[in-house]
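As structure tokens, the structure follows; a few thoughts come after it.
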Number of protein chains: 2
Amino acid sequence: MEQESHYGGHGTTRPGGRTARVRSAVLRAAGDALAELGFAGLDLADVARRAGVGRTTVYRRWATPTGLVADLLTEMAEESLPRAETGSLLGDLRANARLVRRTLTDPRQGPLFKAVIAAATCDAATADALRRFYATRIAEWAPCVEQAVERGELPAGTDPHEVVRAVSAPLYYRLLASGDPLDEATADRAAEAAAAAAAAGIYVVRT
Amino acid sequence: MEQESHYGGHGTTRPGGRTARVRSAVLRAAGDALAELGFAGLDLADVARRAGVGRTTVYRRWATPTGLVADLLTEMAEESLPRAETGSLLGDLRANARLVRRTLTDPRQGPLFKAVIAAATCDAATADALRRFYATRIAEWAPCVEQAVERGELPAGTDPHEVVRAVSAPLYYRLLASGDPLDEATADRAAEAAAAAAAAGIYVVRT
């Protein structure tokens, strides 16, 4: 399960001694609290208790719930799993879509993403941290598209970031807006649609 | 501006006498409050004050902030503007994408949508009302796709709802998740991508 999760190893042993261990424990606890209670229920004292860490440590280092969420998103970006390399654009995009879908339907990560996105709608610092998270994640997967261009599967000048965004967009739309089911067929269709639109030249940068 | 807005006439004179006028004023005030303060700031007494209506009327009829948001979404669905009929699939989808984009970037409606979507992430009744709102809106635009199938622009068996969702998805993804700009070129690309994927048969229902 951990292997398959979108943003990887919250249980990973991290190098770097006590400071890193404290950060890891606190961010893990913050993620649990967000998934359970939502952003409105995120309380630094509660997170310290869950992490088994002194309150003052948490207040000194993260100061506010917003600061904690921003750091959690930074860690999620750092731990973003490496992209797939299946040898074909459709294979790579499908692997990406399935990973996003598994993450968003995961009993812990789904509510966690909803909580962070909800927090970002009313807090600029969180929105900024979220934007950086997606920028990192999109950059991680962009080479799938660049290689497809090199292989001649897609027209030259295709914007790789736009193709990667197109894969995620229908899944987030269902999670957050329309509420339609997020099954694997939906993920596969998102990958196929992005590949078809890219092949048709829709994402070629116009200069 | 009103003409162009996605979900239409919040200023419209509504038939039906005092009850309808009260509802209209209260929902208008609720929308203003949501846009300004977010869901967490939605307070029934404040909404009554803004609407110039007695508190007891508001408490009796809507009971909770959640009830108020659900009714606001019902009204937004009722007032959803009629779809475009440009004579071509791409023209229709582009009109739809531009309307969604104008709504989501509108200084009142953008924050209103963010507030409602954020509320839906942590409240099942609001999520349900939001789901019904999008179902109504998607059904309103589905005939654009049905007509394109009849005209032979798209393969038989194309799922019209899936194509309409595909147009909105990249715009909502930018608004809520990635934070990338929501310019008109993005809207046009969303329409073109949906049309290209549909033409490639991606949204044909597999039975």
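These numbers were taken from a predicted model, which means no experiment stands behind them. Numbered from 1 within each chain, the chains take letters A, B, ... in sequence-line order.
Expressed to the nearest 0.5 Å, how far CG of B:Leu37 lies from SG of A:Cys122 amounts to 11.0 Å. The distance from the OH atom of B:Tyr134 to the CG atom of A:Asp180 is 11.5 Å, given to the nearest 0.5 Å. B:Thr121 OG1 to A:Leu176 CG: the interatomic distance, rounded to the nearest 0.5 Å, is 8.0 Å.
Nearest heavy atom pair, residue A:Ala196 against residue B:Ala197, reads CB-CA, 4.1 Å. Here the shortest heavy-atom pairing between A:Ile202 and B:Ala193 reads CG2-N, 3.8 Å.
No part of A:Ala166 comes within reach of chain B, as not one of its non-hydrogen atoms sits under 4.5 angstrom from that chain. When heavy atoms are compared at a cutoff of 4.5 Å, B:Ala177 approaches chain A by way of both its backbone and its side chain. Neither the backbone nor the side chain of B:Arg132 has a heavy atom closer than 4.5 Å to any heavy atom of chain A. Interface residue A:Ile138: only side-chain heavy atoms are found under 4.5 Å from chain B.
In terms of heavy-atom pairs under 4.5 Å with chain A, the best-connected choice from B:Leu130, B:Asp188, B:Val116 is B:Leu130. Note: A:Arg165 leads A:Arg165, A:Glu192, A:Arg206 in heavy-atom pairs under 4.5 Å with chain B.
Within a 6.0 Å radius of CZ in B:Arg55, other residues, nucleotides and ligands contribute 12 heavy atoms or fewer.
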